Structure formats: C-alpha cells, structure tokens
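Okay, so here's the structure we're looking at.
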Amino acid sequence: PLNVVCCDNLPHNGRVLQGLVATLAGERSRDLASWIAAHAAFPCTMVDRIVPATTAADVADVEARLGVHDAAPVVAEPWIQWVIESRFAAPRPAWEEAGAEIVPDVAPYETMKLRLLNGSHSTLAYLGFLAGHATIAQAALDPRLGRLVERQMAEEIVPTLVRPPGTDLARYCATLLERFRNPALPHRTSQVAMDGSQKLPQRLLGTVRDRLAAGASIRHLTLAVAGWMRYASGVDEQGARIEVADPLAARYAEIAASAGGDPAALARGFLGLASIFGSDLPAAPAFAGAVTRHLDSLVRRGVAATVDDHLARG
C-alpha cells in the first residue's frame, strides 16, 4: 500500500491529485487503476506558511552566511502549520511529533486559511500596492489598511467559518496581523496580487456568497474586490502603468480601454467576467452596487481617502 501526501497549495489537494492519478492510470491499465483505488490513499493537507519569492539578495545572503552557493534557497517566516487528513493506506512517519496536526477533516482549516490569511493578503496587496506600499509588511503597518483588514476578518470573515477544533479564531486573526507586519519578510504586494482571476473566487468571493445568503454585511469585502478592479485596470494613482500578471490581463486591458475612465463602466466590464464572478454576483444589487461605489471612490479619490471614509462610517 502507498500513501501519497500532496502539499500543493490547492483546495482539496488530495482529492484533486487522486482524480488526476486515477485518470492517468486508467489510460494506462485498468488493473493499475483498480490497484491504486484499493491500495493507495491521497490524504488532503493544508500548509500555512508565508513564503515570498526568492530574490538575488536571498541567494547572496545564503552564500555569505553558509559559504555555499544555492541557486534556489527558500526564505520563510517562523510560523508554520501543517494539517494532514487522517486517511492512510500504509504506515506513516510520526509527523505529529514534529508538530503536524493529524485530523479527520482538513476542510475547516483550509477554509480558515483561505479566507482569513489569503483573503486578507489579497486585500492588503491590491489596496497596499495602489497606496504605494511595495511589501505586505508596509501595507499591514499602514494604520488605515491594518484596521480595515482587522475589521474585515472579525466582522465579515470569521462569522462564515466553522471553527477548527482547538482553534481560537480571534487569536489566529491577531497572529495573522503580527505575521503580515514582519519587516524581515519582504513579501511584495505585486507578488501577492498576481493571478487575481484565479485567487478571488476562493479568497474573497466564497465569503461574499455566504454573507449574502445570510443577509449580512459585505462592506469590507466589496471594498477589497473594488481594490482588485482598480489594480487590474492597469494604471496606478500616479498614472503609471501597472504590470498586471494574470491569465486574463489582456482582457482586463480591453475592459479598461472600453471604460474610458468611467468607474461605473469599469465595474460593469469586470463584473461581466463570468469565469470570476459567475452570473449570481453581478445580479446581486447589494454586491454590484457596493463594488461600483467603492471603485468610483478609489478611481476619483484614491485609497487613503476612500479607506478613511469607509472606516469612519462604521
């Protein structure tokens, strides 16, 4: 028997990998596919650790410290959480002795991380970049952005979560802010802002849908989405071009050009991207209206004034 433990940063990673392996095996041999189904396990996992992209400075620092050249060192924060589904077909190492958590269901941990850590990361990345912050630490240390993320987590994200056993969600949120503000972690806002079309549905829009279904406020979440639209339009607050790294970057440029500087038209164009927003969110007045209002303010007044007014209103 064989355990295949996937650590890819993907939702339901074990199930995804199992499906891919089963499909490939079935193309090769029906007997092979049957053996894998009977004798292999693909537990889901969740890894929580902030790991910025490796830079030339990291390579030089490692060489100076260790006296060896490593072309791809991995620089990470001190925090780490590894959660593994207790679904095995064979004996395994005692990972829990090194701090791993072996649990019946990874999903609550995964959702907590995606919505709190990754959702807040995206909020800081888009609004922080527009506000002139090069790193997440700088953005999180900005009093207005730090307060926005703190309220977004407490007021709109935490109520949608199933609390993982033994987890203090308030403490987890406070720890996240400490981690984001680590000045020794040069996680660039532009790196976190990459591939928004792939990230938004998991990081922010799932929370939006849950809040809408509950008839609850989405004030902070819609400001974050508007921040993404403002960023994806491709021009910053000083009129300089933004290098938007996204599979849909060319489509974003078309939307921005067609809008001609009109924030309402820009919002309509982005909300028309069904691969991101589906058909339900653009048709929800509470969502589309709030996003459009936030985007209008971001375009006309900038991040600082928009966030200040937003926080002052409650």
Side-chain angles (χ1 to χ4, degrees), residues 8-11 13 16 47-59 71-77 113-115 117-140 142 145 149 180 185-206 208 221 223-259 261 263 266-267 269-278 281 291 294-295 298-299 302-303:
D8 241 328
N9 191 21
L10 295 170
N13 54 12
V16 172
V47 177
D48 181 355
R49 196 174 208 187
I50 298 173
V51 184
T54 300
T55 66
D58 296 329
V59 174
V74 177
V75 178
E77 65 173 333
K113 183 223 174 188
L114 278 171
R115 295 189 175 187
L117 189 156
N118 296 127
S120 300
H121 239 181
S122 290
T123 301
L124 289 170
Y126 297 121
L127 295 173
F129 183 95
L130 293 168
H133 299 305
T135 68
I136 292 294
Q138 291 169 358
D142 181 322
L145 295 182
V149 166
F180 293 156
L185 200 67
H187 209 175
R188 299 190 67 80
T189 49
S190 57
Q191 181 193 350
V192 179
M194 292 172 62
D195 301 326
S197 62
Q198 315 301 303
K199 294 175 177 176
L200 243 66
Q202 298 169 0
R203 296 183 173 198
L204 294 170
L205 301 183
V208 167
L221 292 162
L223 177 53
V225 174
W228 167 77
M229 290 181 178
R230 177 69 181 84
Y231 174 89
S233 69
V235 179
D236 68 17
E237 292 186 1
Q238 286 71 46
R241 183 185 175 195
I242 299 172
E243 296 292 337
V244 179
D246 190 287
L248 298 182
R251 180 69 185 116
Y252 298 165
E254 293 173 359
I255 291 170
S258 296
L266 189 64
F270 279 116
L271 288 170
L273 295 170
S275 61
I276 299 176
F277 296 103
L281 291 180
V291 168
H294 288 316
L295 183 58
L298 288 171
V299 170
V303 169

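Please read these numbers as outputs of a predicted model, since none were measured by experiment.
- Here F129 pairs with Y231 under the ring pair (Phe, Tyr, Trp, His ring centres under 6.0 Å) rule; sequence neighbours left out.
- Under the 4.5 Å side-chain criterion, counting only non-hydrogen atoms from C-beta, P186 is not in contact with I136.
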_Pair L248-S275, side chain to side chain contact (heavy atoms under 4.5 Å, CB included): steps then yes or no_ = CA-CA 10 Å; L248 298 182; S275 61; 3.9 Å; yes
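- Counting heavy atoms from C-beta on, the side chains of L295 and L266 come closer than 4.5 Å.
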_I'd like to know whether L281 forms a side chain to side chain contact (heavy atoms under 4.5 Å, CB included) with I276, so could you lay out the CA-CA distance, the side-chain angles of the two residues, the decisive distance to 0.1 Å, and finally the verdict._
CA-CA 10 Å; L281 291 180; I276 299 176; over 6 Å; no
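- Here T189 contributes atom OG1 and L127 contributes atom CG; the two are 11.0 Å apart, rounded to the nearest 0.5 Å.
- Residues that satisfy the side-chain hydrogen bond (donor to acceptor under 3.5 Å, both in side chains) test with E237, not counting sequence neighbours, are absent from this structure.
- Across every non-hydrogen atom of M194 and K199, the tightest pair is O-NZ, 3.0 Å.
- Within 6.0 Å of the CZ atom in R188, the count of heavy atoms belonging to other residues, nucleotides or ligands does not exceed 12.
- The side-chain heavy atoms of V75 and T54, taken from C-beta on, include no pair separated by under 4.5 Å.
- Shortest non-hydrogen contact noted between H294 and A226 is CB-CB, 3.5 Å.
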*Please test T55 against V59 for side chain to side chain contact (heavy atoms under 4.5 Å, CB included), starting from the C-alpha separation and ending with a verdict.*
CA-CA 7 Å; T55 66; V59 174; over 6 Å; no
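- Separation of atoms CG (L117) and CZ (R203) is listed at 8.0 Å; rounding is to 0.5 Å.
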_Y252/F270 under ring-ring contact (aromatic ring centres under 6.0 Å, His included): CA gap, chis, key distance, verdict_ = CA-CA 8 Å; Y252 298 165; F270 279 116; 5.5 Å; yes
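- The distance from atom CG of D236 to atom CZ of R230, rounded to the nearest 0.5 Å, is 7.0 Å.
- Residues satisfying the ring pair (Phe, Tyr, Trp, His ring centres under 6.0 Å) test with H121, not counting sequence neighbours, are F180, H187.
- Taking 4.5 Å as the limit, some side-chain heavy atom of N118 sits within range of a side-chain heavy atom of K113.
- With a 4.5 Å cut-off on side-chain heavy atoms, L130 and I242 count as touching.
- Across all their heavy atoms, G128 and L145 have their closest contact at CA-CD1, 3.7 Å.
- S197 and P247 get closest at one heavy-atom pair: OG-CD, 3.8 Å.
- Residues L200 and Y126 form a side-chain contact, since some pair of their non-hydrogen atoms from C-beta on lies under 4.5 Å apart.
- Minimum heavy-atom separation, P201 to G196: CD-O, 4.3 Å.
- The side-chain heavy atoms of L273 and I255, taken from C-beta on, include a pair separated by under 4.5 Å.
- Of all heavy-atom pairs spanning L185 and A76, the tightest one is CD1-C, 4.1 Å.
- The line from CZ of R115 to CG of L221 is 9.5 Å long, rounded to the nearest 0.5 Å.
- Counting heavy atoms from C-beta outward, L124 and V149 have side chains that approach closer than 4.5 Å.
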